[in-house]
Amino acid sequence: MWLTSKIKQVLMVIKPGVVTLNYPFEKRPVPENFRGAPYWDHEKCIGCGGCANHCPARTILIRDICQEIRVMVYDGSRCTYCGRCADVCPEKAITMTDRYELATDDRQDLNESMELFMLTCQRCGRCYDMENVNMIDRMDLQGYRYDNIEARAFIRKTTDRFDPEMLKKTADYKRPSKIGE
Amino acid sequence: MNSLDKVLKALQDKFGAGITGHASPLPTRLFINIKAEMVREISNEVVTLGGRYLVGIGHDNIARDGNIGMIHTFGFDKDNFIVHLNAAVPGSNPVMPSITPDIPGAGWSEREYQDLLGMKFEGHPKPKRLVVADDWPADIFPMRKEVPYNMVPPAAEDVAYQLDECPEGCSIIPVGPFHTALHEPEHFAVYVDGETIKGCDYRGFMTHRGIEKLCESQVSYNEVPFIAERICGICGSVHATAYSQAVEMAGGIPVPKRAEYIRSLLLEIERLHSHLLWLGVAGHLIGFDTVFMQSWRVRENIMWLSERITGNRKTYGMVIVGGVRRDITPVIGEDILKVCAKVEEEVKIIHKSITGDTALHKRTKGVGYLSKEEAIKWSLVGPVARARGIDIDVRRDHPYAAYSELQFNVPVVDTCDVWGTLVVRLLEIYESISLIRQIIAKMPKGEILTELSEEIPSLKHGISVVEAPRGESVHFVITGEENRPDRWRVRAPTYPNLQAIPAMLLNDQFADFPIIVGSIDPCFSCTDRVEVVSVTSGKKRIMSKSEIEFISRGNR
C-alpha cells in the first residue's frame with residue numbers, strides 16, 4: 001500500500017516535468033480582456049467625472065479650480081485595477097491596457113493628471129446626461145467637485161453652482177490625526 | 001400549512017406577548033419582532049424546532065427611534081427558510097440577555113456588539129474583548145453612527161489581552177501573532193501538558209480595519225461589491241455575490257437568468273481553485289510537499305482561466321448589484337470546458353496517488369476529532385461540518401443564483417476528523433467540475449445586468465447565504481437613504497468554525513496543531529473583514545514604526 005502510492009506519486013511528478021516559467025526573461029502574453037494599468041485619453045475625455053464617482057478605491061479625484069477649468073488626477077498607487085472606470089466612461093476615453101509590471105520607487109510615476117477646459121452649460125452651469133439609466137450610477141453625477149488633490153482626499157460634497165468658498169475650505173483639508181495630537 | 005407558518009405558530013402559541021410582530025416578504029424569509037428580555041427562551045425554542053444559528057447582527061438605530069437593534073438569525077436547512085429574531089433595546093441602556101450559554105456559536109456575535117455598539121449581554125460566559133484593539137478607549141463604540149469612520153484615538157501603552165486561566169499543571173505555548181504555521185496574524189495561546197493540548201485561548205481580529213463601517217459611511221451601493229471582494233483573497237466572488245444578493249433581496253431587484261448562471265459559474269471556479277489551494281496547504285502543513293507542488297501546479301490552470309474570463313487571476317470584479325459585468329462568450333465557454341477536462345484528469349491522478357498514502361493517514365485520521373453533536377452545537381459549516389456527518393450545503397438547502405436548476409451531490413463523511421475534511425474537499429472538486437459543465441450547457445441567452453430605474457427603498461432588510469469553499473458566508477443588509485447600505489454585516493465561514501477550534505484541539509498532540517487549524521481552511525482576514533496580505537519570504541529585519549508608517553502612507 002505504502003509502496004504503490006509512492007510509485008504513483010513519482011509518476012505524478014515525472015509526467016508533467018518542469019513547469020516553472022522563465023519569468024522575467026520570458027513574459028507570458030496577457031489575455032485579451034486583461035485588466036492592466038488604465039490609460040486616459042485626454043482627447044476623448046469630456047470631464048463628466050463618472051469614473052471618479054464609481055472608483056471603489058477613490059483613485060480618481062476631481063477639483064474644479066474655477067468655473068472653466070477642471071483638474072482630474074488618477075493616483076495609480078492605490079488603484080485596484082477593477083476596470084470600473086473603463087466600464088462607465090461614456091466616451092470610452094479609458095482603456096485597461098496590458099501593462100502590469102508597475103513597480104516603481106517613485107509613486108509619482110503612477111499618477112496621471114489632466115486639466116480640462118469645461119464649457120459652461122447655458123441652462124444649469126454644468127450638467128451631464130450620460131445616457132446612463134442605472135439609478136445607482138446616476139445618483140452621484142451632477143455638479144462641481146472639490147477633492148483635495150494634495151492630500152489625495154475625496155470630498156464627498158458637491159454643489160450645483162461653482163462655489164469659491166467651498167474651494168477655499170477644501171484647500172487646507174487635513175487628514176485625521178490622533179485625538180489629542 | 002407550510003413549515004414556516006408552523007414555526008411562527010409554535011412560537012406565537014408558546015410566547016404570546018413576547019412576539020410583537022412578524023413579516024414574511026419572501027416565502028423563504030421570516031422576520032419576527034420579539035421582546036428583548038425573552039430572547040433567550042425564544043432562541044432556544046427556535047433551535048429546538050430545528051433552527052441552526054447563523055449570525056447575530058447589531059445595528060444602531062438611535063437616530064431614528066433611540067434603540068439599538070440585535071437580530072439573531074437561524075437557518076432551517078431542511079425546509080429552506082431563514083428566521084430572524086429582531087430585538088431592540090434602548091440606546092441609553094442597551095442590556096439584553098445573552099443566548100450564548102445555550103447556543104455557543106452565538107458567543108462571538110455577542111462579543112462583537114459589546115465592542116462595537118456598547119451593548120451588554122447578561123450571562124455571557126466570556127465577555128472579553130473580541131474585535132477592537134486592547135488599547136481602544138472603552139467609551140468609544142465604532143459602529144455607532146455618531147462615530148466618524150476615520151477617527152483615530154490615541155494609542156495607549158501597557159494594555160494587553162488577559163488570557164484565560166491556564167489549567168493546573170499545564171504550560172502555555174504562544175502561537176502567533178506571527179508564526180510559520182499561520183499565514184495571517186492571529187494569536188493562539190495553547191495550554192499543553194507535555195505534548196498534549198489541554199486548552200486554547202484565541203485572540204484575533206488583529207487585522208480588523210472596519211470595512212463594514214467604511215461601506216456604511218462612505219461608498220455607494222455599486223462600489224461595495226469591489227470592497228466586499230477584497231474581504232477575502234480566496235473566496236472574493238462569494239462575498240461580492242452574497243452582498244449583491246442581499247441588496248437585491250432588500251430592494252426587490254430582479255436579476256437576469258443569464259447573470260445568475262454566470263455568478264454560479266464564477267463561484268464554482270472559485271471553489272475549484274480554493275480546494276486545490278487547501279489541498280496544497282494541508283500537504284505543506286504536514287510536511288508532504290509533493291502534494292503542495294502538484295496541486296498548485298494544477299490550480300494554476302484555473303488561475304489562468306479566470307484571467308481569461310474576468311481579466312484577473314483573483315478578485316474577479318465581475319459581480320455588481322443587479323447582475324454581472326462581463327459575458328461568457330462561446331469561445332470562452334469552450335475554453336472553460338477544455339480546462340475542466342484537464343483539471344479533472346490531473347486531480348484524479350493526485351487523488352489516486354495520495355489516498356493510499358499511509359503517512360497521510362497517520363497524520364490526519366483521528367486528528368482534530370469533534371463529535372457530530374458537538375459540531376451541531378458549535379454550528380460548524382462547510383466541509384468541516386460535512387466531515388462530521390452534518391448534511392448541510394446552502395447551495396442545496398437555500399438555493400440561490402442558478403443552483404436550483406442544477407444537479408449535484410453533497411459529499412458527507414462521518415469520520416469527524418481532519419481526514420474527513422480532506423475527503424470531502426476532494427470529492428467536491430469533482431462535483432464542481434460537473435456543475436461547471438452543466439452551467440455551460442444550460443446557460444440561457446439574454447441580458448446580464450438589470451438597469452435600475454428607481455432608487456432602492458430605505459430600511460429594508462435583506463439576508464443572503466452563499467456556500468463559499470470553506471462553508472457558508474452570510475451577508476445581511478439594511479438599505480439606507482444615501483445610495484448606500486445603512487448596515488452591512490458579513491459573516492465569513494471561518495467565524496463559526498474558528499470558535500470551535502479549542503474543542504477540536506482538546507487532547508490532541510501539539511504537533512498536530514497546524515493541521516487542525518489548517519483543516520478548517522482558516523481565513524482570518526475574512527473573519528476580521530480586511531483584505532488578505534500574502535506572505536513573501538525575505539531576510540529578517542526589524543522595521544521601526546516610522547519606517548512602516550512611511551511605506552504605508554508616505555510622508556503626508
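This structure is a prediction, so every number in the text was calculated from the model and none was measured. A, B, ... follow the sequence lines: proteins, then strands. Residue 1 opens every chain.
The minimum heavy-atom distance linking B:Gly311 with A:Phe34 is given by the pair O-CD1, 3.6 Å. Minimum interatomic distance between A:Arg35 and B:Thr315 (heavy atoms only, all atoms of both residues): NH2-O, 2.9 Å.
Top candidate by heavy-atom pairs under 4.5 Å with chain A, chosen from B:Met293, B:Lys352, B:Arg326, B:Arg484, is B:Arg326. Ranked by heavy-atom pairs under 4.5 Å with chain B, the first of A:Val19, A:Val30, A:Asp87 is A:Asp87. Among the candidates B:Arg325, B:Gln218, B:Glu300, B:Arg308, the residue making the largest number of heavy-atom pairs closer than 4.5 Å to chain A is B:Arg325. Per-residue heavy-atom pair counts under 4.5 Å with chain A were compared for B:Thr310, B:Ile354, B:Val224, B:Ile309, and the maximum is reached by B:Thr310.
Surrounding CD of B:Glu146 are more than 12 heavy atoms belonging to other residues, nucleotides or ligands, all under 6.0 Å away. Around the CD atom of B:Glu334, the shell of radius 6.0 Å holds no more than 12 heavy atoms that belong to other residues, nucleotides or ligands. Atom CD of A:Glu165 sits in a sparse spot, with 12 or fewer heavy atoms from other residues, nucleotides or ligands closer than 6.0 Å.
In this structure, OG in B:Ser353 is found 12.0 Å from CD1 in A:Ile7, a value given to the nearest 0.5 Å. Rounding to the nearest 0.5 Å places CD1 of B:Ile320 at 9.0 Å from NE2 of A:His54.
Looking only at atom types and distance, the side chain of A:Gln9 has a donor-acceptor partner in the side chain of B:Asp357 under 3.5 Å away.
Between B:Glu223 and A:Arg58 there is a salt bridge, since a side-chain N of the basic residue sits under 4.0 Å from a carboxylate O of the acidic one. The pair A:Lys15-B:Glu346 fails the salt-bridge criterion, with no side-chain N (NZ, NE, NH1 or NH2) lying under 4.0 Å from an Asp/Glu carboxylate O.
Using a 4.5 Å cut-off between heavy atoms, B:Glu307 touches chain A through backbone and side chain atoms alike. At a 4.5 Å heavy-atom cutoff, the contact between B:Ile350 and chain A is made by backbone and side-chain atoms alike. Using a 4.5 Å cut-off between heavy atoms, B:Tyr149 makes no contact with chain A at all.
The backbone N or O of A:Val13 lies less than 3.5 Å from no partner atom in the side chain of B:Arg297, so there is not a single donor-acceptor pair.
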Working note: A:Met12 + B:Thr290, criterion side chain to side chain contact (heavy atoms under 4.5 Å, CB included); need CA distance, chi angles, decisive distance, verdict.
CA-CA 9 Å; A:Met12 163 175 83; B:Thr290 314; 4.1 Å; yes

